[in-house]
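In what follows, a structure is listed as structure tokens, so that the remarks can point back to it.
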Amino acid sequence: MKRLLRSLARRNDGTVTIELAMLAPMLATLVIGIIDISTVFGRKLEVEQAAHRSIEKVMQTTGTLTVEGTIKKEVMCQINGEDTDCTTGRMTAEEAVVTYTLECTDGDGNLTTQESSDALVFEAFVCAGAGATEARYVSVVVNDTYDPMFPINFGTGSDGIYQFSAEAGVRVP
């Protein structure tokens with residue numbers, strides 16, 4: 001019996017299997033984490049591209065929609081895909097926030113800013129004072145979230161969900 005135990009103690013046939021069994025959960029967690037982070041970066045890039053493409057679209061034409069309508073529709077089409085009205089998918093029109101800005105610089109170089117999310121209010125903005133120069137801008141902020149497979153709170157909010165946004169804008173005449 002002692003001889004059998006000694007021979008078993010000298011053998012190392014199953015050590016690799018035991019080591020793999022000990023490391024497998026850690027390796028699986030690492031792979032899932034890499035997949036989650038890659039998905040977040042991909043979605044962040046997708047949101048940034050949607051914001052920039054919507055501004056490019058509004059610079060080309062607005063068609064029958066308003067500026068805000070064109071921007072929001074283009075954002076939804078970029079994220080959700082080009083179906084009939086681009087509304088089926090994860091992105092809604094509320095996720096794209098359009099802001100109109102008027103910057104006024106007076107003769108002394110002082111800058112004042114007026115902002116609105118309403119195009120009609122924006123059109124009524126004027127720079128006070130004679131000789132003031134104005135610059136008008138339209139910008140969009142697109143917000144999105146991603147719920148990871150395992151909410152480990154690495155770069156996430158307290159609820160474990162990744163929240164990110166992208167912004168794009170253009171100066172308008």
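Counting from 1, the numbers follow the sequence of the chain as shown. Every heavy atom of this structure was used, including side-chain atoms; hydrogens, water molecules and symmetry mates were not.
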Closest heavy-atom pair and its distance - [X], [Y]:
{"X": "Ile161", "Y": "Thr145", "value": "CG2-CB, 3.8 Å"}
{"X": "Asn143", "Y": "Met91", "value": "O-CE, 3.9 Å"}
{"X": "Val140", "Y": "Ala96", "value": "CG2-CB, 4.1 Å"}
{"X": "Ala132", "Y": "Cys127", "value": "CB-CB, 4.0 Å"}
{"X": "Gln114", "Y": "Val126", "value": "NE2-O, 3.2 Å"}
{"X": "His52", "Y": "Ala168", "value": "ND1-CB, 3.7 Å"}

Rounded to the nearest 0.5 Å, what's the gap from [atom1] on [X] to [atom2] on [Y]? Could you check?
{"X": "Glu115", "Y": "Ser139", "atom1": "CD", "atom2": "OG", "value": "7.0 Å"}
{"X": "Ile71", "Y": "Glu74", "atom1": "CD1", "atom2": "CD", "value": "10.0 Å"}
{"X": "Phe122", "Y": "Ser117", "atom1": "CZ", "atom2": "OG", "value": "12.0 Å"}
{"X": "Thr29", "Y": "Asp36", "atom1": "OG1", "atom2": "CG", "value": "11.0 Å"}
{"X": "Tyr146", "Y": "Gln163", "atom1": "OH", "atom2": "CD", "value": "14.5 Å"}
{"X": "Ile34", "Y": "Thr39", "atom1": "CD1", "atom2": "OG1", "value": "11.5 Å"}

Hydrophobic clustering (ILVMFWY, side-chain heavy atoms < 4.5 Å, transitive) - are [Y] and [X] grouped together?
{"X": "Leu23", "Y": "Ile32", "value": "no"}
{"X": "Leu45", "Y": "Val142", "value": "no"}
{"X": "Leu30", "Y": "Phe41", "value": "no"}
{"X": "Val40", "Y": "Ile79", "value": "yes"}
{"X": "Val172", "Y": "Val75", "value": "yes"}

For Met22, the other hydrophobic cluster members (4.5 Å side-chain criterion, sorted by chain and number) are Ile18
Side chain to side chain, [X] and [Y], heavy atoms closer than 4.5 Å:
{"X": "Thr113", "Y": "Thr101", "result": "yes"}
{"X": "Ile35", "Y": "Val31", "result": "yes"}
{"X": "Asn80", "Y": "Thr88", "result": "no"}
{"X": "Glu103", "Y": "Thr112", "result": "no"}
{"X": "Val138", "Y": "Val67", "result": "yes"}

Checking side chain to side chain donor-acceptor pair (under 3.5 Å) for the pair Tyr162/Asp144: CA distance, chi angles, key distance, verdict?
CA-CA 8 Å; Tyr162 292 96; Asp144 198 6; over 6 Å; no
Just by modelled atom types, is the Leu120 backbone N or O under 3.5 Å from a matching donor or acceptor in the Asp118 side chain?
yes
field: Polar side-chain atom of Lys44 near backbone of Ser165 as donor-acceptor pair, under 3.5 Å
entry: yes
Salt bridge (charged side-chain N to carboxylate O under 4.0 Å, His left out) filter on Glu46, not counting sequence neighbours, yields Arg90
Quiz item: More than 12 non-hydrogen atoms from neighbouring residues, nucleotides or ligands closer than 6.0 Å to CZ on Arg136, yes or no?
Solution: yes
- Task: List the steps, then state whether side chain to side chain donor-acceptor pair (under 3.5 Å) holds for Gln60 with Glu56.
- Result: CA-CA 6 Å; Gln60 295 168 358; Glu56 289 174 9; 5.4 Å; no
